[in-house]
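A short worksheet on the structure shown next.
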Amino acid sequence: MLDIKFIRAHPDVVRAGAAKKRIACDIDKILALDREWREMTVEVDSLRQEQKNASKLIGAAAPADRPRLAEEQKQKKELLKQREAAVEVHYKALHELLLRVPNVPAEEVPEGKDDSENVEIKRFGTPRTFDFEARDHIAIGEAQGWLDVLAGARIAGSRNYFLKGDLSLLEGAVMRYALDLMVKKGFMPLSVPTLVRSEIMVGTGYFPGGEDQAYRCDERDDLCLVGTSEVPVTALHQDEIMNAADLPKRYVAQSSCYRREAGTYGKDTRGLYRVHQFQKVEQVIVDVADAERSLAHHHAIVANAEEVLQALELPYRIVNVCGGDLGQPQIQKFDIETWMPSRGNYGETHSASRFHDFQARRLNMRYRTAEGTVHVCHTLNNTVAASVRMLIALLENHQRRDGTVYLPPALRPYMGGREAIGRPIA
RNA sequence: GGAGAGAUGGCUGAGUGGCCGAUAGCGCCGGCUUGCUAAGCCGGUGUACUCCUCACGGGGUACCGAGGGUUCGAAUCCCUCUCUCUCCGCCA
């Protein structure tokens, strides 16, 4: 959420930002509602003041006079009640609109309508050329007895799967490697709730707007399954005023992630690329409101993810996500795409976002400076490793002619010291 | 799931209808005292919105878990909900 004061002061900046993101948003309506709301608030506050003062006088008055004075008060109360209700209606309308105003993208965000116009800014590693007929991850997984998508579909519907044997272990190995790396870097590991109140979904910017992508419990519980541990981790300090000296907070969390993938029927239907549930290690930073520091963190969390990919010996590229492909909350986003031979292309495996105070304002997450002033925090997050897409990349890039799969040294300690997994297949 | 107790400022903890945005202690900040430290003394110390002001600053309103209600007036009385604790049941 943007600060209404910022919108008042810079309506053109907000309008231009929304346009760059291709998100419709009626700033004039917001400004008009805001103006009216303030006028009404002034009126109601002064009515209340009168009411309060009069009530105090009654308390001080002689008991005999009280009934008569109280009767007068009763009349005035009606007007106040009516005006209070009107203010509330106005405020709610304003708040609803404010929740949907997109964050202003950074200058460095490229113009563009959708992901086809994202700008590649870095490429690392060279996609391998195979001197044999390469298999995709499904072929390898099924031939090795590591993967059962039919069973997944039978017990949980399409886009669900069972990992078996060494592939299940490999998932754990990747997660644990990623987690250990981040802990070594000083990030505080967290185990977090993956079922959260919808208020938290609003706080992190997923609602309103993203309801279709989240699994929700029925009306008995106001809870949603998170699509990423970014949600509970970012919200950890909701409603707190932290000391600036205790910032930044650097967190890392592994969790299951759940995504409905509504509206993707027929898209990436084969294999593990687009699934309803997966494991992910996520990094989150909460810091003071300083644009330069946020930017430095942004580069740092991208570098952390690169370190993982390099250790896993996977080719990747980084794209600067264009305005039209950017979500409502982000200032800027860098996606990291890892080479996936079966796609003949890079596929998104990481997403690094910088929000400034957009999430923190919704979550009411603030800090106090040494001088005693209070400000809204900045937040950022990035994937460290997301399980199934990493497995696709590992299986496909590291497969060998005989159907076994090479393990990069970084993973070996987590796989019993082995240099490869699988048995030779025909 | 059943029974009971509770939720007050950074923390502890008073407050059962008007004098309460809230006693007190701790903590924290500033000052005095002090060879240094400790102790002591004095003063200050919530957040949000809003109005006035170039600003310094000042005024107003709201907030005692959340939402409703009673009342001229609610931290205080009533209702609903959430959460915490204790006991019982069930279960990993």
Side-chain angles (χ1 to χ4, degrees), chain A residues 1-9 30-99 101 191-203 216-224 232 235-247 249 256 288-289 357-358 360-377:
Chain A
M1 190 160 69
L2 292 178
D3 188 351
I4 181 66
K5 289 173 188 161
F6 179 83
I7 301 176
R8 272 178 216 152
I30 286 171
L31 291 175
L33 272 172
D34 173 53
R35 203 175 315 112
E36 291 163 26
W37 171 72
R38 275 186 291 162
E39 284 166 8
M40 294 165 87
T41 300
V42 170
E43 183 201 353
V44 166
D45 281 355
S46 71
L47 279 173
R48 243 196 305 252
Q49 187 185 3
E50 278 177 42
Q51 175 86 2
K52 265 178 86 164
N53 290 341
S55 288
K56 271 181 191 154
L57 289 178
I58 293 177
D65 294 335
R66 288 184 189 177
R68 181 178 52 79
L69 293 167
E71 190 53 37
E72 287 171 17
Q73 277 299 96
K74 233 173 186 169
Q75 318 295 328
K76 290 182 184 166
K77 214 174 95 174
E78 279 315 304
L79 176 66
L80 177 60
K81 267 194 167 168
Q82 197 187 318
R83 300 306 293 162
E84 276 177 335
V87 167
E88 202 184 323
V89 167
H90 239 76
Y91 180 77
K92 275 187 178 157
L94 177 61
H95 191 71
E96 283 295 308
L97 289 177
L98 278 177
L99 281 178
V101 176
S191 299
V192 299
T194 49
L195 210 42
V196 303
R197 299 178 196 284
S198 46
E199 165 200 322
I200 301 302
M201 298 298 280
V202 173
R216 310 182 79 160
C217 289
D218 64 36
E219 58 287 345
R220 289 176 302 172
D221 303 291
D222 174 35
L223 296 169
C224 304
L236 176 62
H237 296 289
Q238 185 191 28
D239 290 327
E240 281 184 37
I241 300 180
M242 293 174 276
N243 286 322
D246 296 333
L247 297 173
K249 300 275 190 191
S256 292
V288 298
D357 58 12
F358 190 90
R361 177 165 295 105
R362 289 167 171 241
L363 289 166
N364 194 29
M365 206 156 71
R366 295 168 294 172
Y367 65 95
R368 198 188 310 273
T369 62
E371 296 76 45
T373 56
V374 173
H375 307 275
V376 178
C377 295

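Just so it is clear, the structure is predicted and the values come from calculations on it, not from any experiment. Hydrogens, waters and symmetry mates are skipped; everything else that's a heavy atom, side chains included, is used. Here is how names work: the chains are called A, B, and so on, in the same order as the sequence lines, proteins then strands, and each is numbered from 1.
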For this session: Could you let me know what G9(B) is paired to, Watson-Crick or G-U wobble, both distances under 3.5 Å, or none if it's on its own?
Result: none
Exercise. Does the side chain of Arg368(A) get closer than 4.0 angstrom to OP1 or OP2 of G46(B) through an N or O atom?
Worked result: no
Seminar exercise, completed: When both distances are under 3.5 Å in a Watson-Crick or G-U wobble arrangement, the nucleotide paired with A62(B) is U47(B)
Exercise. For atom C1', what is the distance between C28(B) and G10(B), given to the nearest Å?
Worked result: 9 Å
Exercise. Choosing from C83(B), U47(B), C72(B), which nucleotide comes nearest the side chain of Arg197(A)?
Worked result: C83(B)
Seminar exercise, completed: Side-chain contact check for Arg366(A): nearest option of U47(B), G18(B), U50(B) is U47(B)
Exercise. Which part of the nucleic acid, if any, lies within reach of Gln51(A) when heavy atoms closer than 4.0 Å are counted: base, sugar-phosphate only, or nothing?
Worked result: sugar-phosphate
Exercise. So, is Lys52(A) near the phosphate of C72(B), with a side-chain N or O under 4.0 Å from OP1 or OP2?
Worked result: no
For this session: Would you classify Val44(A) as touching base, sugar-phosphate or nothing, given that sugar-phosphate means primed atoms plus P, OP1 and OP2, and contacts are heavy atoms under 4.0 Å?
Result: nothing
Exercise. Taking Asp3(A) for the side chain and Lys5(A) for the main chain, is one N or O donor matched with an acceptor at less than 3.5 Å?
Worked result: yes
Problem set entry | Base-pairing mate for U86(B) - Watson-Crick or G-U, with both contacts under 3.5 Å | A3(B)
Seminar exercise, completed: Distance col, row Arg368(A):CZ vs Asp246(A):CG, nearest 0.5 angstrom, shows 12.0 Å
Problem set entry | Separation of the P atoms in G46(B) and C29(B), to the nearest angstrom | 15 Å
For this session: Could you check which of C72(B), U61(B), C51(B) has an atom nearest any side-chain atom of Arg48(A)?
Result: U61(B)
Exercise. Is the backbone of Val202(A) close enough, under 3.5 Å, to the side chain of Arg362(A) for a donor and an acceptor to pair up by distance?
Worked result: yes
Exercise. Does Lys74(A) have a side-chain nitrogen or oxygen under 4.0 Å from the phosphate oxygens OP1 or OP2 of C72(B)?
Worked result: yes
Exercise. Given the C1' atoms of G13(B) and U70(B), what is the spacing between them in whole Å?
Worked result: 30 Å
Seminar exercise, completed: Taking C51(B), G73(B), C19(B) as options, the one with an atom nearest any side-chain atom of Val42(A) is C51(B)
For this session: Taking atom C1' in both G65(B) and U8(B), compute the distance separating them and give it to the nearest angstrom.
Result: 10 Å
Exercise. Hey, are Lys92(A) and Glu96(A) close enough for a salt bridge, meaning a charged N less than 4.0 Å from a carboxylate O?
Worked result: no
Seminar exercise, completed: Of the listed A48(B), G73(B), C19(B), the closest approach to the Val374(A) side chain comes from A48(B)
Exercise. Base, sugar-phosphate, or nothing: which does Leu69(A) touch, judged by heavy atoms less than 4.0 Å apart?
Worked result: nothing
Exercise. From G73(B), C49(B), C51(B), pick the nucleotide closest to the side chain of Arg38(A)?
Worked result: C51(B)
Exercise. Atom CG of Asp45(A) and atom P of G60(B): how far apart are they, to the nearest Å?
Worked result: 11 Å
For this session: For the residue pair Asp34(A) and Ile4(A), establish whether any side-chain heavy-atom pair is separated by less than 4.5 Å.
Result: yes
Exercise. Using purine N1 to pyrimidine N3 plus N6-O4 or O6-N4 for Watson-Crick, or N1-O2 and O6-N3 for G-U wobble, each under 3.5 Å, what pairs with G67(B)?
Worked result: C79(B)
Exercise. In the structure shown, which nucleotide is the Watson-Crick or G-U wobble counterpart of G21(B), with both distances under 3.5 Å?
Worked result: none
For this session: Can you tell me, in whole Å, how much space there is between the C1' of A22(B) and that of U76(B)?
Result: 12 Å
Problem set entry | Distance in Å, His237(A) NE2 paired with Lys249(A) NZ, rounded so as to fall on 0.5 Å steps | 4.5 Å
Problem set entry | C49(B) phosphate, OP1 or OP2, under 4.0 Å from Lys5(A) side-chain N/O | yes
Problem set entry | Nearest listed nucleotide, side chain of Gln49(A), among U71(B), G60(B), U50(B) | G60(B)
Exercise. If pairing requires Watson-Crick or G-U wobble contacts with both distances under 3.5 Å, which nucleotide is the partner of G30(B)?
Worked result: C42(B)
For this session: For Arg8(A), answer base if it contacts any base atom (sugar-phosphate contacts may also be present), sugar-phosphate if it contacts only those atoms, and nothing otherwise; contact means non-hydrogen atoms under 4.0 Å.
Result: sugar-phosphate
Exercise. Within this structure, what is the CD1-to-C1' distance between Ile241(A) and U45(B), rounded to whole angstrom?
Worked result: 13 Å
Seminar exercise, completed: When every non-hydrogen atom of Phe358(A) is compared with those of Val101(A), the smallest separation belongs to CE1-O, 3.5 Å
For this session: Would you kindly compare Glu71(A) and Lys56(A) by the position of their nearest RNA chain B nucleotide and give the one closer to the 5′ end?
Result: Lys56(A)
